[in-house]
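Side chains are part of it too, since the values below use all heavy atoms of this structure and drop only hydrogens, waters and symmetry mates.
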Amino acid sequence: MTSHFVTLLNTDPDYRSYLLGTFSVTERAIPVETFGSDGHSERVTFQVVPVDSLKIPVWWKLYLKACRPSLLGFTMGPAVATWLLHARDLKSWQMWPSWFAVIGIFFLHASAFMLNDYQDHMYGTDRMSRGRGSQLIQKGWVSAQWMLRWAWVNLFLVCLFAGLASFQNPPTILGVAVASALCLLVLTLRWGARFGLCDLGVWLLFGPLISIGVAATSFGQVRREDLVLGAAIGLISLFSLQLRQVSSLFRSRAEAFRTFLGFLSYDTVRKLLLVEGLLLISLQPLVALALRMPIVFLLLQPLFAWPMARSLNRLQRAASPLSSEWLSLTIAVQAGHLGLLSWWILGLGLLWLF
């Protein structure tokens with residue numbers, strides 16, 4: 001059996017089955033070209049190849065790649081920071097609920113990014129830009145249908161470990177679990193993206209909800225400081241994800257975006273993100289002061305904020321979404337997120353010495 005090419009319009013009856021990978025058990029349709037991603041006249045050319053001819057890695061390597069380990073800071077970062085914020089509460093630390101919560105957060109991370117891979121494949125974002133997502137579906141290593149099933153299995157594991165961790169503070173953990181599920185639903189279905197509802201979901205999911213959940217399961221209480229810290233770290237994650245999306249503004253239809261930026265012009269988006277970035281960098285020391293962090297921690301902020309400032313500089317120089325500045329901006333954004341997150345973890349770690 002040899003490979004062959006098939007070109008389908010989004011109005012063809014077989015179009016969705018080719019995207020999902022359900023058209024055949026023995027063959028896999030790899031999207032090689034996508035045209036007209038405006039949602040009305042999309043045309044995709046697939047290379048149909050035998051599954052046996054693909055050099056597919058073992059399942060656990062596929063799973064780890066689908067989990068996007070390079071982005072674990074979005075979920076594990078706020079969890080570790082919340083732990084460190086409770087340096088003086090170690091006597092009330094509950095070991096097993098705390099570890100169950102962390103395992104649940106990992107599966108939440110996996111589910112969120114697997115759903116992201118599935119949705120971005122179906123909407124065309126990952127097909128138009130081969131530097132986005134895990135690219136497991138685009139390489140033909142897994143079908144979109146299987147990626148969706150993996151996401152639901154991981155979401156079930158989130159519920160399981162949330163239940164195991166809830167004995168410390170059942171009402172709070174139940175509220176966090178329900179809110180997290182709602183955020184995932186909003187992001188998956190892109191509800192209210194034009195009006196910023198998806199942005200709110202990203203902020204809650206990668207910030208306050210994690211800090212509240214970790215504090216409640218590990219120490220049995222949630223303090224005002226947990227909310228403040230979670231809000232600050234959530235803003236870093238939201239801004240980083242917004243920056244990562246800008247290069248795809250003119251490659252996908254607005255409905256493919258989970259942030260309201262996809263509905264604005266490029267020049268407006270660029271100016272707005274520059275203002276957001278400057279406010280974000282300025283806000284972090286103010287939050288640190290509110291949390292009564294050591295002065296030396298504040299003095300180190302410019303050093304750790306430099307990668308994010310460099311991202312803003314690249315954004316300022318990018319005259320269009322096709323600018324060469326975007327070739328390295330994704331890496332710069334990831335470094336910027338890691339820099340500010342490391343600043344928080346280092347500073348909170350210093351609290352153990354004072």
Side-chain angles (χ1 to χ4, degrees), residues 63-86 98-99 101-117 131-134 154 158 176 180 183-184 187 199 201-215 218 226 228-246 258-259 273 276-277 280-281 283-284 287-288 291 293 297 300-301 303-312 328-350:
Y63 178 80
L64 289 178
K65 189 170 180 61
C67 290
R68 311 284 289 281
S70 63
L71 300 178
L72 271 174
F74 283 88
T75 49
M76 291 303 172
V80 173
T82 304
W83 268 342
L84 295 175
L85 185 63
H86 289 261
S98 183
W99 285 118
V102 170
I103 296 173
I105 290 172
F106 171 78
F107 288 125
L108 177 65
H109 174 97
S111 179
F113 284 101
M114 287 175 185
L115 283 172
N116 179 74
D117 273 359
R132 290 176 53 88
S134 67
N154 279 271
V158 172
V176 169
S180 299
C183 287
L184 278 176
L187 291 171
D199 297 77
V202 169
W203 173 67
L204 288 172
L205 196 61
F206 295 126
L209 289 178
I210 291 179
S211 62
I212 292 172
V214 169
S218 300
D226 297 313
V228 172
L229 178 64
I233 294 180
L235 289 176
I236 298 172
S237 297
L238 172 60
F239 181 70
S240 299
L241 289 173
Q242 286 179 332
L243 271 179
R244 290 169 64 92
Q245 281 198 325
V246 179
R258 292 181 178 83
T259 67
L273 284 178
E276 281 187 17
L280 174 70
I281 294 175
L283 177 66
Q284 302 300 311
V287 175
L291 295 177
M293 303 296 292
F297 174 60
L300 289 173
Q301 200 258 359
L303 175 63
F304 286 87
W306 177 77
M308 186 62 78
R310 187 181 180 189
S311 298
L312 294 178
S328 56
L329 184 60
T330 300
I331 298 176
V333 169
Q334 193 166 328
H337 177 268
L338 181 62
L340 288 175
L341 186 61
S342 300
W343 176 69
W344 273 113
I345 292 176
L346 175 63
L348 290 166
L350 289 176

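Residues Ile281 and Gln301 are in side-chain contact: their nearest non-hydrogen atoms beyond the backbone lie under 4.5 Å apart. Side-chain contact between Met293 and Val287 is absent, with no heavy-atom pair separated by less than 4.5 Å. At a threshold of 4.5 Å between non-hydrogen side-chain atoms, the residues Ser70 and Gln334 count as touching. The shortest distance between side-chain heavy atoms of Leu348 and Phe297 does not fall below 4.5 Å.
By the side-chain hydrogen bond (donor to acceptor under 3.5 Å, both in side chains) test, Trp343 is found to be paired with no residue, residues two or more places apart in sequence or in another chain being considered. Not a single side-chain hydrogen bond (donor to acceptor under 3.5 Å, both in side chains) links Trp203 to another residue, sequence neighbours left out. With sequence neighbours left out, Ser98 forms a side-chain hydrogen bond (donor to acceptor under 3.5 Å, both in side chains) with Trp83, Trp93, Ser218. The side-chain hydrogen bond (donor to acceptor under 3.5 Å, both in side chains) search around Gln284 returns Trp344, not counting sequence neighbours.
Between the CH2 atom of Trp306 and the CG atom of Leu340 there is a distance of 13.0 Å, given to the nearest 0.5 Å. Atom CG of Leu72 and atom CG of Leu338 lie 11.5 Å apart (nearest 0.5 Å).
Taking the six-membered ring for Trp, His337 and Phe239 have ring centres at least 6.0 Å apart.
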Taking distance alone, no hydrogens or angles, what donor-acceptor pairs closer than 3.5 Å link side-chain atoms of residues 102-114 to residues at least two apart or in another chain?
from	atom 1	to	atom 2	distance (Å)
His109	ND1	Thr75	OG1	3.0
His109	NE2	Cys67	O	2.7
His109	NE2	Arg68	O	3.3
Ser111	OG	Ala151	O	3.1

Donor-acceptor pairs under 3.5 angstrom involving side-chain atoms of residues 205-212: please list them, not counting sequence neighbours.
from	atom 1	to	atom 2	distance (Å)
Ser211	OG	Pro208	O	2.9
Ser211	OG	Asp226	O	3.1

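Using a distance-only test at 3.5 Å, with no hydrogens or angles considered, a donor-acceptor pair links the side chain of Ser311 to the main chain of Ala332.
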Run the side-chain contact (heavy atoms from CB on, under 4.5 Å) test on Arg244 and Leu71 for me, step by step, so that the C-alpha distance in whole Å, both residues' side-chain angles and the decisive distance to 0.1 Å come before the verdict. CA-CA 12 Å; Arg244 290 169 64 92; Leu71 300 178; 4.1 Å; yes
Could you walk me through whether Leu229 and Leu291 pass the side-chain contact (heavy atoms from CB on, under 4.5 Å) test, one step at a time? CA-CA 8 Å; Leu229 178 64; Leu291 295 177; 4.3 Å; yes
Can you check side-chain contact (heavy atoms from CB on, under 4.5 Å) on Phe304 and Leu341, steps first, answer last? CA-CA 9 Å; Phe304 286 87; Leu341 186 61; over 6 Å; no
Stepwise, does the side-chain contact (heavy atoms from CB on, under 4.5 Å) test hold for Met308 with Val333? CA-CA 6 Å; Met308 186 62 78; Val333 169; 5.7 Å; no
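Here the shortest heavy-atom pairing between Leu84 and Gly349 reads CD1-N, 4.1 Å. Considering every non-hydrogen atom in both Ala81 and Ile233, the closest pair reads CB-CD1, 3.6 Å. Listed here is the closest heavy atom pair of Cys183 and Leu204: SG-CB, 3.9 Å. Pro78 approaches Gly73 most closely through the heavy-atom pair CD-O, 3.5 Å. Smallest separation of non-hydrogen atoms from Gly201 and Leu187: C-CD1, 4.4 Å.
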